[in-house]
Amino acid sequence: MPAKGKHRRTKAQRFTRSIAVAGTGGAALALPLLGATGAHAAPQSAPEKTVQSLSVTGDKAAAAKSGEGRTYTVKAGDYLAKIAEAEQVDGGWKKLYADNRQVVGDDPSLIHPGLKLSVDGKAAKAPKKSAAPKSAAPKPAAPKPVAPKAEKPAEKPAQQSSEQSAPQVSTQTTANQASSGYSSPVPGGSLGTAYKVAGSMWSSGYHTGVDFAIPTGTSLKAVGSGTVVSAGWAGAYGNQVVIRLDDGHYAQYAHLSSLSVSAGQTVSGGQQVGLSGSTGNSTGPHLHFEIRTGPNYGSDVDPVSYLRSKGVSI
């Protein structure tokens, strides 16, 4: 009989518990083993550099097999040092640049997307300039000989008057223009205030030119060929044009209502330079005309005497 108050565990119970503990412990110990087995079954991927190395190695093998040099096409953001490292170029970017100098040019920093670089240690050849395709235009066929046709005798033209048969060549010069190529500044018009008339209204104390009494809008002509040195507003003279004539004298046209030429323009004798008016310090429409030995005020000479010396009748 067992003692009171004490319970003995049978060996079977103790054994069962041991199995349970052992089973639990076995499961706990089995987890690392499964992990290790899984590690052997699925190896972890190699680092990116290793994959890249395999890719470069594969490219080298493929290039060697095909017999062609290995190349790299530049992409946006590339630079030689970056390419040399990625493509494992022996000698780094300096070697890469030396091999591709003809392609890259004198500045190694100037590479652009789409440029093909040799990365196998062989010097790249500069791209050949494509010659313009020659047009394969067919040669024109030789014209077939054509038998000459009998020509009809030319018909005599109807007799014309001498005025119609040939243009008239005038032996006279145009109105107000001398044979020397010089002309009057206006096609007519009466003389107003003469040259050298004294008066306090003029800063020099006398009239430095000659006035032609003409209505506003009258066409004004270059008295001779030359170059326009001034065309625009000139204070008391209003709108003016100054021409340096071929003989070195200067012709001035003042108080114009509008200008027909501009500074730097070459003009010929008789060409329109503007229209008369009453701009500036003027009491009415007229042309104030001067001849000067220089471009500035105060170098005036008698304009009428000058024009008459050129054969112009005024």
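Predicted, not measured: the structure shown is a model, and the values here were computed from it.
Closest approach of S219 and P187 over heavy atoms only: O-CD, 3.4 Å. The minimum heavy-atom distance between P303 and V210, with the atom names listed, is CG-CG1, 3.5 Å. Scanning all heavy atoms of the two residues, the minimum distance from S268 to A222 falls at O-CB, 3.6 Å. Shown here for V197 and A194, the closest heavy-atom pair between the two residues is CG2-O, 3.4 Å.
Distance alone, capped at 3.5 Å, places no donor-acceptor pair between the S225 side chain and the G269 backbone. One N or O on the side chain of S276 and one on the backbone of T218 form a donor-acceptor pair closer than 3.5 Å. Formation of a donor-acceptor pair under 3.5 Å by the N100 side chain with backbone atoms of L117 is not found in this model.
Tracing side-chain contacts under 4.5 Å through hydrophobic residues (I, L, V, M, F, W, Y), one never reaches V273 starting from Y250; they form parts of separate clusters. Criterion: ILVMFWY side-chain heavy atoms under 4.5 Å apart, direct or through other members. Under it, Y72 and I111 are part of a common hydrophobic cluster. Hydrophobic cluster membership is shared by V312 and I243, with clusters built from Ile, Leu, Val, Met, Phe, Trp and Tyr side chains linked at under 4.5 angstrom. No continuous path of ILVMFWY side-chain contacts below 4.5 Å connects Y195 to V242, so the two sit in separate hydrophobic clusters.
For W93, the side-chain contact (heavy atoms from CB on, under 4.5 Å) partners are L80, A81, A84, Y97, P108, not counting sequence neighbours. By the side-chain contact (heavy atoms from CB on, under 4.5 Å) test, S278 is found to be paired with S282, P285, residues two or more places apart in sequence or in another chain being considered. Under the rule for a side-chain contact (heavy atoms from CB on, under 4.5 Å), the partners of D247 that lie at least two apart in sequence or sit in another chain are Y182, L245, H249, Y306, K310. Remark: K82 engages D78, Y79 in a side-chain contact (heavy atoms from CB on, under 4.5 Å) (not counting sequence neighbours). Residues satisfying the salt bridge (charged side-chain N to carboxylate O under 4.0 Å, His left out) test with R101, not counting sequence neighbours, are D106. Taking K95 as the reference, D99 meet the side chain to side chain donor-acceptor pair (under 3.5 Å) condition, with sequence neighbours excluded. For K116, the salt bridge (charged side-chain N to carboxylate O under 4.0 Å, His left out) test picks out no residue, with sequence neighbours left out.
The aromatic rings of F289 and F212 sit perpendicular to each other, their planes meeting at more than 60°, with 30° as the lower class boundary.
Inter-residue side-chain proximity for V89 and I83 is flagged as unmet; no heavy-atom pair is nearer than 4.5 Å. Taking the side chain as every heavy atom from C-beta outward, S118 and V103 never approach each other to under 4.5 Å.
The distance from the CG atom of D300 to the CD1 atom of I291 is 10.5 Å, given to the nearest 0.5 Å. For the atom pair CG (L96) and CG (D90), the distance works out to 11.5 Å, reported to the nearest 0.5 Å. Considering OG1 of T208 and CG of D302, their distance stands at 11.5 Å, rounded to 0.5 Å. Here the NE2-OG1 distance, from H207 to T193, works out to 5.5 Å after rounding to the nearest 0.5 Å. Remark: L191 CG to L287 CG distance equals 10.5 Å, nearest 0.5 Å.
Every pair tested for salt bridge (charged side-chain N to carboxylate O under 4.0 Å, His left out) that includes a residue from residues 218-236 fails, sequence neighbours excluded, so the list is empty. Each salt bridge (charged side-chain N to carboxylate O under 4.0 Å, His left out) pair with one or both residues in residues 278-295, not counting sequence neighbours, appears once here: E290-R292. Listed by first then second residue, pairs satisfying side chain to side chain donor-acceptor pair (under 3.5 Å) with a partner in residues 255-267 read S260-Q272, not counting sequence neighbours.
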Legend entry - Pair Q240-H288, side chain to side chain contact (heavy atoms under 4.5 Å, CB included): steps then yes or no: CA-CA 9 Å; Q240 76 163 4; H288 174 83; over 6 Å; no

Can I get a per-line list of side-chain donor-acceptor pairs under 3.5 Å for residues 226-234, giving both atom names and the distance, sequence neighbours left out?
none

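Hydrophobic clustering, defined by side-chain heavy atoms of Ile, Leu, Val, Met, Phe, Trp and Tyr closer than 4.5 Å, leaves L275 isolated from every other such residue.
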